[in-house]
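Reviewing the structure listed below.
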2 protein chains.
Amino acid sequence: MKSVEKRSDCPVSSSLDIFGDRWSLLIVRDLMLYKTRTYGDFTKSAEKIATNILASRLQVLEENGIIIKLPYPDNKVKGLYKLSPKGVDLVPALIEIALWGGKHVSNDDQCSPFLNEVKKNKTKFLKNTMAKLSAEDEATID
Amino acid sequence: MKSVEKRSDCPVSSSLDIFGDRWSLLIVRDLMLYKTRTYGDFTKSAEKIATNILASRLQVLEENGIIIKLPYPDNKVKGLYKLSPKGVDLVPALIEIALWGGKHVSNDDQCSPFLNEVKKNKTKFLKNTMAKLSAEDEATID
DNA sequence: CCTTTTTACTTGCAAATCGAAAGTAATAAC
DNA sequence: GTTATTACTTTCGATTTGCAAGTAAAAAGG
């Protein structure tokens with residue numbers, strides 16, 4: 001776990017030292033939604049992350065124990081990224097950000113069903129989602 | 001409300017387009033903790049934000065309706081920043097980030113009491129905190 | 001008043017980071 | 001055996017960061 005430069009001992013500040021940028025939490029978002037993703041999958045997301053930025057962020061997230069890179073079954077080129085338990089613990093924060101964004105800046109039809117389910121029973125949603133992400137195998141949603 | 005460049009319609013992405021950097025949420029954190037802050041107060045926080053960055057972030061947060069600048073009573077030089085209702089709505093996200101940071105990257109003695117109170121009853125804590133921040137007058141904590 | 005201090009910024013500039021595009025090396029597919 | 005995929009790396013101009021110094025206006029002090 002390579003230490004990033006810590007500006008203070010405040011947990012908010014320390015967190016932002018790791019993922020406080022415009023891309024890192026989008027990687028975590030994709031892993032929350034799909035459970036596993038390849039490098040190429042990330043580049044196909046709507047925000048069109050540049051490949052150099054992606055590589056850099058994946059490295060920081062992996063060094064900080066938030067994501068894990070696994071070998072892709074029967075393929076030596078591809079890799080499979082997934083959330084570590086520490087990464088799964090970011091889901092509540094991500095959901096709160098999504099709720100805020102859905103309420104105040106972006107009402108996307110495509111994720112309204114998702115946010116509605118969250119709003120219906122947040123505790124249950126978090127429990128289910130985090131449990132699924134923590135399960136060892138199981139198929140991805142996509 | 002000056003529109004920031006939106007990379008996609010995803011609410012997470014749109015949120016990060018506004019506050020996805022290492023400083024913005026620290027400004028929100030200070031306003032959550034102290035309710036009101038002057039420009040100089042922000043510069044005195046532990047992370048030592050540079051004045052040009054601070055000015056730039058305050059402008060973006062104000063343009064996006066997250067913070068409000070008020071005149072300081074009986075003083076034409078000072079200003080008083082506070083969270084708007086939209087800014088107060090960021091508190092749950094901020095708290096989740098703080099909880100994650102406290103658990104996984106930073107166990108600061110100074111804010112342990114704070115985080116312990118959150119953990120004891122999150123719903124109650126959020127309700128109280130957000131209500132205090134929404135109240136029109138009332139003295140600051142500090 | 002008149003001077004000094006405080007406050008909230010702005011400016012200048014070097015260094016770091018971002019981001020688009022092209023390049024590469026290894027494996028997979030045909 | 002040739003072509004295509006995949007996962008990066010490299011290059012380079014543009015933007016952003018962050019430290020330091022500067023500034024203008026109001027407040028405080030004498």
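Order of the sequence lines sets the chain letters (A, B, ...), proteins ahead of strands, with each chain counted from 1.
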Discussion item. Please confirm whether the shortest side-chain N or O distance from A:Arg57 to OP1 or OP2 of C:dC18 is below 4.0 Å.
Written reply: yes
Worksheet item: Could B:Arg57 and B:Glu62 be called an ion pair, given the rule that one side-chain N must be under 4.0 Å from one carboxylate O?
Response: no
Worksheet item: Expressed in angstrom and rounded to an integer, what is the separation of A:Ile53 atom CD1 from C:dA21 atom P?
Response: 14 Å
Discussion item. Quiz question: by atom type and distance under 3.5 Å, do the side chains of B:Ser106 and A:Asp9 form a donor-acceptor pair?
Written reply: no
Discussion item. Any salt bridge linking A:Glu117 with A:Lys124? Criterion: basic side-chain nitrogen under 4.0 Å from a carboxylate oxygen.
Written reply: no
Worksheet item: Quick one: A:Asp41 CG to D:dT6 C1', roughly how many Å, whole number?
Response: 11 Å
Worksheet item: In whole angstroms, how far is the C1' atom of C:dT6 from the CZ atom of B:Phe42?
Response: 18 Å
Item to complete: Run the numbers on B:Ser14 and B:Asp17 for side chain to side chain donor-acceptor pair (under 3.5 Å), then give the verdict.
Response: CA-CA 5 Å; B:Ser14 306; B:Asp17 286 336; 4.9 Å; no
Worksheet, complete the sentence: Interatomic distance, CZ@A:Phe19 vs CG@A:Asn64, rounded to 0.5 Å, equals 10.5 Å
Practice prompt. Rounded off to whole Å, could you give me the CG-to-P distance for the B:Asn75 and D:dA28 pair?
Written response: 6 Å
N/O to N/O distances under 3.5 Å, protein versus nucleotides 9-13 of chain C:
unit_1: C:dC9; atom_1: OP1; unit_2: B:Lys69; atom_2: NZ; d: 3.2
unit_1: C:dC9; atom_1: OP2; unit_2: B:Lys69; atom_2: NZ; d: 3.0
unit_1: C:dC9; atom_1: OP2; unit_2: B:Tyr81; atom_2: OH; d: 2.8
unit_1: C:dT10; atom_1: O4; unit_2: B:Thr51; atom_2: OG1; d: 2.7

Item to complete: Look at the side-chain N and O atoms of A:Trp23 and state whether any lies under 4.0 Å from the OP1 or OP2 oxygen of C:dG19.
Response: yes
Worksheet item: Under 4.0 angstrom, heavy atoms only, what part of the nucleic acid is A:Thr38 near: base, sugar-phosphate, or nothing?
Response: sugar-phosphate
Worksheet item: Between C:dT7, C:dT27, C:dC18, which nucleotide gets closest to the side-chain atoms of A:Val77?
Response: C:dT27
Worksheet item: Could you state the NZ-P distance from A:Lys48 to C:dG19, rounded to the nearest angstrom?
Response: 15 Å
Item to complete: Carefully, step by step, assess A:Lys6 and B:Glu47 under the rule salt bridge (Lys or Arg N to Asp or Glu O under 4.0 Å).
Response: CA-CA 9 Å; A:Lys6 269 177 76 173; B:Glu47 295 84 10; over 6 Å; no
Practice prompt. Specify the separation, in whole Å, of atom CD of B:Glu47 and atom P of D:dG18.
Written response: 12 Å
Fill in: Gap between atoms CZ and C1', on B:Arg7 and C:dG19 respectively (whole Å)
12 Å
Practice prompt. Flag yes if A:Val118 and B:Leu126 sit in one hydrophobic cluster, no otherwise; membership is Ile, Leu, Val, Met, Phe, Trp, Tyr, and two members link when side-chain heavy atoms are under 4.5 Å apart.
Written response: yes
Worksheet entry | Separation of atom CD1 in A:Ile49 from atom P in D:dT9, rounded to whole Å | 14 Å
Fill in: A:Ser56 or A:Lys76, whichever maps to the more 5' nucleotide of DNA chain C
A:Ser56
Discussion item. So, OP1 or OP2 of D:dT16: does either fall under 4.0 Å of a side-chain N or O from B:Arg22?
Written reply: no
